[in-house]
Amino acid sequence: MKNNENKLSMDTLASLCKRRGFIFQSSEIYGGINGFWDYGPLGCELKRNVRETWWKNIVQNRENVVGLDASIIMHPKVWEASGHVGGFQDPMQTCQICKKHLRADQVWEGIKESAWFGSLVRAIEGVPDTNEVTFTGPSLLRWAIRDGKKLAPGLALVRNPQVTLSWLAEKANTTDTVNISCIDLIRHVATEQLAQTGLQTPCPHCGGPLTEPRQFNLMFETYVGAIKSEDHKTYLRPETAQGIFAQFGNVLATSRQKIPFGIAQIGKAFRNEINPRNYTFRSREFEQMELEFFVKPGTDQQWHEYWVEERMKWYQSIGLPAESLQKYVYKKEELAHYASACVDIMYNFPFGMQELEGIAARGDFDLSRHQQFSGKSMEYFNQETNEKFVPHVVEPSAGVDRIVLALLCNAYKEEWLGKDNQVLPAEPGKQPPEGFEARTVMRFHPKIAPVKVAVFPLLKNKPELVEKARGVFDTLQKWYPSFWDVAGAIGRRYRRQDEIGTPFCVTIDFDTLTNNTVTIRERDSMKQERIEISKLADKIHETLA
RNA sequence: GCGAGCGUAGCUCAGUGGUAGAGCUCCACCUUGCCAAGGUGGCUGUCGAGGGUUCAAAUCCCUUCGCUCGCUCCA
């Protein structure tokens with residue numbers, strides 16, 4: 001990360017997360033493993049808080065949403081029905097111009113069926129059914145300028161005819177016509193600079209150059225039972241959603257829900273990402289929180305809008321400020337063929353605006369596919385109207401680890417503190433000015449903070465203070481994740497809590513012994529207030545709403 | 001996937017062929033009447049891993065894993 005513009009470097013954050021026990025690299029003692037992360041004592045509390053507030057908001061506080069906890073490994077047919085097997089298991093090539101993904105083994109078939117190929121063959125009067133074609137340079141050029149421009153704008157011959165045709169020059173100088181295999185011709189007209197790139201394969205849609213064939217099989221494979229054979233092959237789920245669709249009938253039959261209603265699930269999913277990067281942002285093992293909300297066909301749009309707004313509110317409720325969030329509305333041509341709408345909720349990470357959650361209106365695609373592949377009905381019968389239909393679905397699908405990362409990025413603040421309670425924003429990489437000291441503070445919303453309150457006796461060598469403080473701690477710990485600390489000067493103990501984002505520190509001093517009041521110090525303002533011990537729990541509770 | 005850089009204590013880093021270091025953190029004791037004070041003592045490393053060159057490797061070479069950055073990719 002660039003260290004300018006006061007941007008948080010992910011290295012700095014990762015360093016704090018390791019030092020304080022939020023996030024460790026998986027299998028670190030063996031050199032680590034790319035794309036996998038472990039949550040330490042504080043990190044797992046933070047993550048639990050994210051899950052719990054989501055579950056409360058989505059499931060427990062609504063009559064019409066129920067939960068599910070499906071298995072990670074499912075029948076392989078699930079992934080055929082979902083389109084994950086077949087569609088993306090084969091080597092794929094990507095067009096560098098129009099960005100379309102193509103199965104490598106279908107590219108030539110696609111080219112032969114394409115409009116531009118047919119047009120080209122007619123223009124040069126070649127005979128494509130035989131392996132050889134015959135043509136002249138000028139005829140190629142004429143085609144490029146006229147039909148090629150419209151039909152295959154990405155083709156090298158069309159974009160840059162002179163350079164592309166230079167490969168002909170030698171042959172064209174000696175003879176007017178060129179004999180060449182049809183495949184070679186196509187590859188030559190797709191190649192701009194032979195020396196640099198070698199022969200290219202054109203995109204069937206636009207003629208643009210394709211990337212090398214690549215394995216896009218992003219599902220982890222495994223074998224059920226002891227025998228390692230194709231018959232026993234199955235997959236770690238690449239998304240949690242399919243468990244919900246596959247159990248739609250059972251949930252409907254047992255929950256007595258009526259449309260519209262939702263099924264929610266939190267769980268691990270696995271994608272064998274080609275290139276995990278940006279700390280925990282793109283991991284190979286990650287956790288999703290998904291809601292499948294089933295609606296009557298035709299009401300998709302209103303429910304989609306409803307859930308986008310609900311989800312935006314939720315992100316703000318856990319402390320992500322509105323100005324750091326952004327909605328990205330998919331354009332028609334970006335949508336999957338079955339989807340009618342999709343909105344991503346993005347967060348402004350130090351490494352860019354990136355997706356936290358996608359909210360998609362997926363129509364009846366998933367249920368219909370499972371109906372087709374399983375032969376089991378996925379229809380819903382409305383008694384009141386006597387209607388039978390396959391419900392449409394609106395799917396808000398969020399990444400837990402990404403939300404945790406956003407919360408960590410958002411919380412991290414460095415400040416310079418002066419003598420007279422003066423606070424300056426720190427300039428990364430610089431020493432504070434004379435008379436100022438640096439403070440690192442994690443400004444988590446109290447609701448998601450891993451530890452809610454720390455309790456200190458002012459001095460540790462005064463047994464009466466320690467004993468009194470211990471009593472306060474024992475009481476608070478029954479209600480909130482609490483932290484006990486007697487070690488070091490009081491200021492040092494405050495700063496330790498600042499760095500893990502504890503919103504409140506309670507200090508027991510000599511006044512406490514006479515009147516049962518303590519000071520409660522607030523993390524962000526560092527202001528202290530003296531209140532009665534009996535009012536502590538309520539005071540903290542107020543901030544968790 | 002390609003290219004470049006990096007990997008030494010929990011963290012930040014110094015150490016360019018000859019006995020593995022510093023600051024901070026952490027722990028113990030002392031001190032300390034509210035924001036990283038001070039004192040004393042202490043723990044911590046197969047120098048990412050494996051192989052090679054050498055009398056001798058943290059240091060040079062090869063391989064590999066991991067991290068960062070830039071392309072690429074992200075259904």
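All of these numbers come straight from a predicted model, not from anything done at the bench. Below, chain A is the first sequence line, B the second, and so on; all start at residue 1.
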Should E292(A) and R362(A) count as an ion pair when the cut-off is N to O under 4.0 Å? no

Rounded to the Å, how far apart are I508(A) CD1 and C34(B) P? 16 Å

[N] phosphate, OP1 or OP2: any side-chain N/O from [X] under 4.0 angstrom?
X       : N      : answer
R496(A) : C26(B) : yes
R495(A) : U25(B) : no
N461(A) : C30(B) : no
R492(A) : U25(B) : yes

If you take the centroid of each ring, where Trp contributes its six-membered ring, are Y279(A) and W37(A) closer together than 6.0 Å? yes

Quiz question: going by heavy-atom distance under 3.5 Å, is there a donor-acceptor pair between the base of C11(B) and the side chain of S15(A)? no

If we take the C1' atom in both U19(B) and A57(B), what is their distance in whole Å? 14 Å

Rounded P spacing from U53(B) to U59(B) in Å: 15 Å

Identify, residue by residue, the members of residues 236-248 of chain A with a heavy atom below 4.0 Å from RNA chain B, and return them in order of residue number, or none. none

Should the heavy atoms of other residues, nucleotides or ligands under 6.0 Å from CD of E467(A) be counted, would the total exceed 12? no

